[in-house]
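Below: the structure, in C-alpha cells.
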Amino acid sequence: MAATSSSDSDSGRAESNEANSKWLDAHYDPMANIHTFSSCLALADLHGDGEYKLVVGDLGPGGQQPRLKVLKGPTVLTESPLPALPASAVTFLMEQHEPRTPALALASGPCVYVYKNLRPYFKFSLPQLPPNPLEQDLWNQAKEDRIDPLTLKEMLEGIREKAEVPLSVQSLRFLQLEMSEMEAFVNQHKAKVIKRQTVITTMTTLKKNLADEDAVSCLVLGTENKELLVLDPEAFTILAKMSLPSVPVFLEVSGQFDVEFRLTAACRNGSIYILRRDSKHPKYCIDLSAQPVGLVRVHKILVVGSTQESLHGFTHKGKKLWTVQMPAAILTMNLLEQRSRGLQAVMAALANGEVRIYRDKALLNVIHAPDAVTSLCFGRYGREDNTLIMTTRGGGLIIKILKRTAVFVEGTGETGPPLAQTTKLNVPRKTRLYVDQTLREREAGTAMHRTFQTDLYLLRLRAARAYVQALESSLSPMSTTAREPLKLHAVVQGLGPTFKLTLHLQNTSTARPAVGLQVCFLYNEALYALPRAFFKVPLLVPGLSYPLETFVESLSSKGISDVIKVLVLREGQSAPLLSAHINMPVSEGMAAA
C-alpha cells in the first residue's frame with residue numbers, strides 16, 4: 001500500500017509540473033546519436049512546401065565520419081557524409097527568382113558547401129595563403145636531395161617555433177611521423193607544391209540590400225587566419241575582407257551590406273570586436289575577463305556568455321550594462337524569438353542540465369533536461385511556429401513546443417537587492433571649501449533663491465518678447481492658422497552673383513492635404529532679378545517636405561544685400577497664410593570688385 005501511494009504521488013507531481021510548464025514534450029530520444037553544436041543547427045523550408053526541416057551538421061564522434069543530416073519530425077530524412085568536421089550551418093536566399101526556396105550553406109574545413117533542394121549546388125573554397133618562404137626553400141632542397149629527412153625535420157621545427165607565418169599541413173604532418181616513416185613521406189611529397197590553406201571557424205548571414213525576412217542574404221565567414229569575408233550570394237565572390245587581432249569563434253550581424261551594417265566577432269583572445277561598413281579594422285573593442293562561450297544579439301544589446309559562469313550585456317559601442325551569475329558553467333547559447341508576441345530572449349544551456357531563458361537580466365523560465373544540453377535551436381519546425389530543439393551530451397534529441405497560451409512573465413528570477421548595493425562607495429572627505437559653501441547656502445538660502453527666481457523670470461520675459469517680435473515681423477517659419485498648418489524652411493546656396501534659392505514647404509496636418517496654394521516673392525527689383533516671382537504649389541501630402549527651387553540674380557555692383565520676403569497665399573485670397581524674410585548674402589564677385 002505504501003509503494004502504491006508513493007507511485008501515485010510521484011505521477012501526480014509529474015502531471016502537476018507538466019500542467020504548470022510552458023512547454024509541451026513533443027519528443028525525446030536519448031539514443032538519437034546526434035552530436036553537434038548550436039552553430040551547426042538550422043531550421044528551414046528546404047523544399048518550399050511549408051514543412052520546415054531540421055538541418056544538422058553531425059560531428060560523428062568515436063571515429064565516425066562527420067555527416068550532414070536532415071530531420072523531418074523525429075526521423076532522419078536524408079544523410080550524407082562530410083569530408084571534414086562541420087563548423088557552421090545556415091540557410092539563406094540566394095536570388096529573387098521563383099520558386100524562392102532557401103539554400104543551405106555548410107562550412108566544413110576550408111570550404112563552404114551550398115545545397116539547393118538538398119542537392120550539391122556550389123562549392124566555395126577559401127583562397128590559398130602564401131607559404132612560408134623558408135619552408136618552401138627547405139622542400140626545394142629536399143626535392144634536389146641536398147638535405148636528408150632528419151635535417152629537414154630539425155629545420156622545420158625551428159621555423160615552427162620562431163616564424164610568424166605558420167607551416168603548411170604537409171610540413172605539420174611530416175613533423176608528426178616516426179623516424180622510419182620520414183624518408184617515404186619525403187619521397188612521396190617532395191615534388192608537390194607547398195600549399196597553405198586556412199579553415200573556416202564560424203559563419204552567419206547578412207542581408208544584402210533589404211531588411212525583409214525573405215530578402216537575399218550574403219554569407220559572412222570567419223577564418224583561422226584572423227579574417228572576416230563577406231561573399232556575394234550569387235557569384236560567391238569576396239565582396240569585403242576585414243582583419244581582426246585574433247581568430248573569430250562567434251559572429252553576430254545587423255543591418256544590410258549595401259546600406260549600413262555592423263559585425264560583432266567574439267575571438268579566442270577573450271575580446272569582442274565590433275566593425276562597421278567600410279572599416280577594415282575593428283571600431284570598438286570589449287575586453288572580457290574570460291573566454292567567450294556564446295554571443296547573441298537581443299534587439300540592440302549584445303549578450304555574451306563567458307567561462308566564468310556569467311552572462312554579460314553590452315551596447316553596440318562596448319558599454320557594459322549588466323551581469324548575471326549562473327549556477328553552473330554555460331555550455332551553449334542561442335536566441336529565442338517569439339514573433340507572435342514580439343519577444344526576444346536569450347537561452348543559455350548549463351552544465352547542470354538546466355536551460356535558462358533571460359530577457360536582459362530577468363529570468364523568464366527554467367527548463368530541466370535529463371542530460372546536459374550541448375546545442376539549442378528555436379523556431380518553426382514542421383508546422384509549429386515555436387519549437388525548441390535540443391541535443392544532449394550523450395547524443396539525445398529533445399523537442400519541445402511552446403504552448404500557445406504561454407506568457408513569459410518577469411519576476412521569476414533572483415529576488416532581493418542587486419549585488420551592486422553591497423559595494424561601498426568611495427566617498428571623498430569633506431574639504432574646507434565644501435564646508436564654507438554649505439554654511440553660505442544655509443545662511444543666505446532665501447536670498448539665493450530669490451535671485452534665481454528673478455533671473456528665471458527675466459529669461460522667460462526675454463524669450464516671450466523675442467517670440468512676439470518674430471510673429472509680428474513674419475520671421476516665424478510656422479503658420480499661425482489652424483486651418484492651414486504649414487511649415488517653411490529656406491536655403492540659399494552659391495557665391496553670387498547668381499544664387500540658388502530652395503524653399504522646403506511642409507504640410508504639418510495629420511490627415512488633410514493642402515491644395516490651391518501659391519508662392520509670391522517681394523523684393524527690390526533694383527537689386528535682384530528672379531525668373532519667376534510667382535508660381536503655384538502642387539498638392540501637399542501631410543508629413544512630406546516639398547522642395548521648390550528658383551534662382552536669384554544680384555544686380556548691384558556695390559556689394560549691397562537686401563531682404564527677400566516670401567508669401568504663401570491661398571488662391572483667390574490676398575491675406576498670406578505664411579510669410580518669411582530671407583536675408584540674402586553679399587555676392588562674392590561684387591564684393592571683390
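None of these values were measured; they are calculated from a predicted model. All residue numbers in this chain count up from 1 along the given sequence.
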Self-check item: Derivation and outcome, side-chain hydrogen bond (donor to acceptor under 3.5 Å, both in side chains), residues Gln308 and Ser289
Solution: CA-CA 8 Å; Gln308 289 183 336; Ser289 56; 2.9 Å; yes
Exercise. Mind running side-chain hydrogen bond (donor to acceptor under 3.5 Å, both in side chains) on Thr36 and Asp58 for me, showing each step along the way?
Key: CA-CA 5 Å; Thr36 186; Asp58 196 289; over 6 Å; no
Quiz item: After noting the C-alpha distance and the side-chain angles of Tyr358 and Arg356, does the key distance pass the side-chain hydrogen bond (donor to acceptor under 3.5 Å, both in side chains) rule?
Solution: CA-CA 7 Å; Tyr358 285 89; Arg356 294 193 160 211; 3.1 Å; yes
Exercise. Give the C-alpha distance, both sets of side-chain angles, the deciding distance and a yes or no for side chain to side chain contact (heavy atoms under 4.5 Å, CB included) between Thr205 and Val220.
Key: CA-CA 6 Å; Thr205 58; Val220 183; over 6 Å; no
Exercise. Run the numbers on Thr332 and Ser38 for side-chain hydrogen bond (donor to acceptor under 3.5 Å, both in side chains), then give the verdict.
Key: CA-CA 7 Å; Thr332 185; Ser38 297; 2.5 Å; yes
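Between Phe257 and Phe261, the two ring planes are parallel [angle under 30°; tilted spans 30° to 60°].
Other residues, nucleotides and ligands contribute at most 12 non-hydrogen atoms within 6.0 Å of the NE2 atom of His281. Residue-environment remark: OH (Tyr284) exceeds the threshold of 12 foreign heavy atoms within 6.0 Å.
Partners of Arg339 according to the salt bridge (Lys or Arg N to Asp or Glu O under 4.0 Å) rule, which considers only residues two or more places apart in sequence or in another chain, are Glu213, Glu337. Taking the salt bridge (Lys or Arg N to Asp or Glu O under 4.0 Å) definition, one finds that Lys226 meets it with nothing, sequence neighbours left out. Arg173 is linked by a side chain to side chain contact (heavy atoms under 4.5 Å, CB included) to Val169, Phe185, counting only residues two or more places apart in sequence or in another chain. Checked against side chain to side chain contact (heavy atoms under 4.5 Å, CB included), Thr374 has the following partners two or more places apart in sequence or in another chain: Thr391, Arg393.
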Distance-only check: which donor-acceptor pairs under 3.5 Å involve side-chain atoms of residues 228-247, not counting sequence neighbours?
residue: Asp232; atom: OD2; partner: Glu234; partner atom: N; Å: 3.0
residue: Asp232; atom: OD2; partner: Ala235; partner atom: N; Å: 2.8
residue: Ser246; atom: OG; partner: Asn269; partner atom: N; Å: 3.3

Compile the donor-acceptor pairs under 3.5 Å between side chains in residues 80-95 and protein atoms, sequence neighbours left out, one pair per line.
residue: Ser88; atom: OG; partner: Ser39; partner atom: O; Å: 3.3
residue: Ser88; atom: OG; partner: Met203; partner atom: O; Å: 3.2
residue: Glu95; atom: OE2; partner: Lys116; partner atom: NZ; Å: 3.1

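Looking at Phe250 and Ile272, their side chains never come closer than 4.5 Å, going by heavy atoms from C-beta outward. Between Gln64 and His35, every side-chain heavy-atom pair lies at or beyond the 4.5 Å cut-off. Between Pro370 and Ile398 there is a side-chain heavy-atom pair separated by less than 4.5 Å.
Shortest non-hydrogen contact noted between Ala406 and Arg341 is O-NE, 3.3 Å.
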